[in-house]
Engineer: 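Dropping a structure here in structure tokens format, bear with me for questions.
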Number of protein chains: 2
Amino acid sequence: MSLEAPDLLRIRALPLFEAVNDGVFDRLMRGAFLQRFPRGSQLTTQGQPDNFLFVLLEGAIELEGSSSDRESTLALLWPSASLCLASIVLDGPSLMTARTTKGSLILMVPGDAFRQALEEDAGLGRAVAEELAGCFSGAVRSLKNNKLRTARERLVSYLLAQHQRQGGGAAVKLPCRKRVLASLLGMTPENLSRAFASLGPHGVEIDGSTVTLREPEGLAQLARPDPMIDNPIGESFSQAERERRRGGRTAIAAH
Amino acid sequence: MSLEAPDLLRIRALPLFEAVNDGVFDRLMRGAFLQRFPRGSQLTTQGQPDNFLFVLLEGAIELEGSSSDRESTLALLWPSASLCLASIVLDGPSLMTARTTKGSLILMVPGDAFRQALEEDAGLGRAVAEELAGCFSGAVRSLKNNKLRTARERLVSYLLAQHQRQGGGAAVKLPCRKRVLASLLGMTPENLSRAFASLGPHGVEIDGSTVTLREPEGLAQLARPDPMIDNPIGESFSQAERERRRGGRTAIAAH
DNA sequence: GGCGGCGATTGATCAGCGTCAAGGTCGCGC
DNA sequence: GCGCGACCTTGACGCTGATCAATCGCCGCC
């Protein structure tokens, strides 16, 4: 699928590209294209070189790390997150395996063209710096989440964050299968089940992928919520920090 | 301490600044200065705004995250790592608390001047992007290290990484107190002691802060060493990735 | 309708690791 | 020299969470 004018407008408005020089942008887009991927497509492989910068326009992506025979979900990406930015900038191997968890529409920009544009354009440099700072910040949050909290605290924090992100209503929709959520939270599916069950007395009801929080305030006392760990806006890596800075809290689709 | 010519030369050669325009560099350095800090100085506080970009020229820094009453060491920084780059770029609060663990010489650059220079100079933008990509990469490695390995595997991997980094001799010098190492590896000091003891049968001898590895190859079988987790060059966050790319393995002082 | 498979749950058991408490060693200052 | 404190070590115990196994419910398919 080659890029049409309406696509270009949409892309131009992305935070990564909005400050880029017209000429540089045009050259960059000459090699870029949109592609639709069915659910389950593997976009990157941990340890393999990345040749494209991805920007997720519609759909969802799961980032997974693995070593030996173990694997763990490290993050979930939503529109309009970028993917592979760090490995493209460093011209190094992919850090994680990325897989679509829904049918997805993705912008693909050739890596070498992107690196070249980065050398020429200060606006792009600044945008990339901001994006990567957000990624780093998200990763550090995740690290703190894992090292400083128990599994149950992580679950409660996650539920409260989703609760806030989805508008504060009692019903919260889980954005992924429980198995994936368990891995993201650093626990086994069995343990996640038990953790949910243990929250029953605190007003948490589960029905499929909908969770109802009857007493969010009470929950908060279980979780040690912490603004330096739980991001009020984004899920993790990328996309999160920028919005806060811009006076954010601009309506975000309920993930 | 204001900046003299030899200082400026040294700073100019740092990866962050080597591609910056002369004029921009001069303006940036007008507000910058060098400062010596005694051991134990707190440079940043988690959650508080950061007003300076730090570059560690001599000494060592510990990065710590905390929540409620728990705390954990997230990384150790060595020359010539940068500190606060992400929070300066985002103009947001500090992610971690930073403290010198030795007397240290540090370059301090005012944050707003740095942000302004970032808007003007593509060379700086690229350098910052590379540095932050390296930070992100380091944080992801650390996350995988924590989620995919047991405490003992983390210790063995750490020892092997230090072994390689210090030139491959049998004797490895621990770069920090055991208490700090334990926290960095996500375990208690007691558990670290026991883990060390359990490695005795595998040729690991401990004497104070020097560890002797009699059979490194055998150790590797315990550890699941993984190039996508263990960084051959740097310790973590910052400084690591760039060198690899440049055909690295340029002699690195044994930390 | 019946069957097969996947995901989620539940229970029993176990290992890893944290916690608490008690030494032990070293270095420093009086 | 003596005593104190910081750091590390060792042991006993308990909790968190992983593992293994069985069951249930749901959905798609034959």
Side-chain angles (χ1 to χ4, degrees), chain A residues 39-40 62 66-73 99 101-102 145-159 173-201 204-212 222-224, chain B residues 39-40 62 66-73 99 101-102 145-159 173-201 204-212 222-224:
Chain A
R39 182 194 144 131
E62 173 188 5
S66 61
S67 183
S68 301
D69 54 345
R70 302 175 210 167
E71 50 189 40
S72 179
T73 300
R99 190 175 297 116
T101 57
K102 291 183 185 176
N145 197 28
N146 274 282
K147 289 185 83 175
L148 296 169
R149 298 211 266 226
T150 67
R152 202 172 105 134
E153 287 169 346
R154 290 194 293 275
L155 172 59
V156 173
S157 304
Y158 183 84
L159 291 177
K173 191 92 170 36
L174 297 180
C176 59
R177 286 196 212 300
K178 293 213 183 79
R179 169 180 305 230
V180 174
L181 178 60
S183 183
L184 179 66
L185 295 177
M187 54 210 285
T188 57
E190 294 95 323
N191 212 349
L192 176 64
S193 261
R194 280 185 266 264
F196 266 127
S198 82
L199 293 177
V204 177
E205 297 165 15
I206 307 129
D207 176 31
S209 67
T210 345
V211 182
T212 310
L222 294 180
R224 325 179 176 238
Chain B
R39 180 192 146 132
E62 174 188 5
S66 60
S67 183
S68 301
D69 54 346
R70 302 176 211 168
E71 51 189 40
S72 179
T73 300
R99 190 176 297 114
T101 58
K102 291 182 184 177
N145 197 27
N146 275 282
K147 289 186 82 173
L148 295 169
R149 298 211 266 224
T150 66
R152 203 172 105 132
E153 287 169 345
R154 291 195 292 274
L155 172 59
V156 173
S157 305
Y158 183 85
L159 291 177
K173 191 95 167 43
L174 298 180
C176 59
R177 286 196 211 302
K178 294 213 182 81
R179 169 181 305 230
V180 174
L181 178 60
S183 182
L184 179 66
L185 295 177
M187 55 210 285
T188 58
E190 294 96 322
N191 212 351
L192 177 63
S193 260
R194 280 185 268 263
F196 266 127
S198 80
L199 293 177
V204 177
E205 296 164 16
I206 307 130
D207 177 29
S209 67
T210 48
V211 182
T212 311
L222 294 180
R224 324 179 178 240

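The structure displayed is predicted, hence computed values, not measured ones. Here is how names work: the chains are called A, B, and so on, in the same order as the sequence lines, proteins then strands, and each is numbered from 1.
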Engineer: Would you indicate whether B/R39, at its atom CZ, is surrounded by more than 12 heavy atoms from other residues, nucleotides or ligands within a distance under 6.0 Å?
Structural biologist: no
Engineer: Just call it for B/G208: base, sugar-phosphate, or nothing, with non-hydrogen atoms closer than 4.0 Å on any strand.
Structural biologist: nothing
Engineer: Measure CZ/A/R152 against P/D/dT16 and give the value in whole Å, please.
Structural biologist: 9 Å
Engineer: If you draw a 6.0 Å radius around CZ in B/R179, do more than 12 non-hydrogen atoms from other residues or ligands fall strictly inside?
Structural biologist: no
Engineer: Quick one: do B/T212 and B/D207 satisfy side chain to side chain contact (heavy atoms under 4.5 Å, CB included)? Show the steps, please.
Structural biologist: CA-CA 8 Å; B/T212 311; B/D207 177 29; over 6 Å; no
Engineer: Quickly work out the B/R179 CZ to D/dC7 P distance and round it to whole Å.
Structural biologist: 5 Å
Engineer: Return whichever of A/A151 or B/I206 has its heavy-atom-nearest nucleotide of DNA chain D closer to the 5' end.
Structural biologist: B/I206
Engineer: Could you tell me how far apart A/E190 (CD) and D/dT23 (C1') are, to the nearest whole angstrom?
Structural biologist: 13 Å
Engineer: Where do A/R149 and A/R154 come nearest, in terms of heavy atoms and distance?
Structural biologist: O-NH1, 2.8 Å
Engineer: So which heavy atom on A/F196 is nearest to which on A/I206, and how close?
Structural biologist: CB-CD1, 3.3 Å
Engineer: Please report the distance, rounded to the nearest Å, between CG in A/D207 and C1' in D/dG25.
Structural biologist: 13 Å
Engineer: To the nearest angstrom, how far is B/K147 atom NZ from D/dA18 atom P?
Structural biologist: 11 Å
Engineer: Hey, where on DNA chain C does chain A first and last touch, going 5' to 3'? Cut-off is any atom under 4.0 Å from a heavy atom.
Structural biologist: C/dG7 to C/dA12
Engineer: Quickly work out the B/R177 CZ to D/dT9 P distance and round it to whole Å.
Structural biologist: 13 Å
Engineer: With sequence neighbours excluded, tell me which residues meet side chain to side chain contact (heavy atoms under 4.5 Å, CB included) with A/S66.
Structural biologist: A/Q46, A/E71
Engineer: Take atom CG of B/N191 and atom C1' of D/dA12, then tell me their distance rounded to the nearest Å.
Structural biologist: 15 Å
Engineer: Less than 3.5 Å between a donor and an acceptor, one on the side chain of B/R194 and one on the base of D/dG11, is that the case here?
Structural biologist: yes
Engineer: Between A/R99 and A/G40, which heavy-atom pair has the shortest distance, and what is it?
Structural biologist: CG-O, 3.6 Å
Engineer: Using Watson-Crick and G-U wobble pairs whose two distances are both under 3.5 Å, how do you write the pairing of DNA chain D as dot-bracket, with | for links to another strand?
Structural biologist: ||||||||||||||||||||||||||||||
Engineer: Is B/R177 salt-bridged to B/E62, cutoff N-O under 4.0 Å?
Structural biologist: no
Engineer: Return the minimal non-hydrogen interatomic distance between B/T73 and A/K147, and the atom names on each side.
Structural biologist: O-NZ, 2.9 Å
Engineer: Check the distance between D/dG17's C1' and A/E153's CD and give it to me in whole angstrom.
Structural biologist: 14 Å
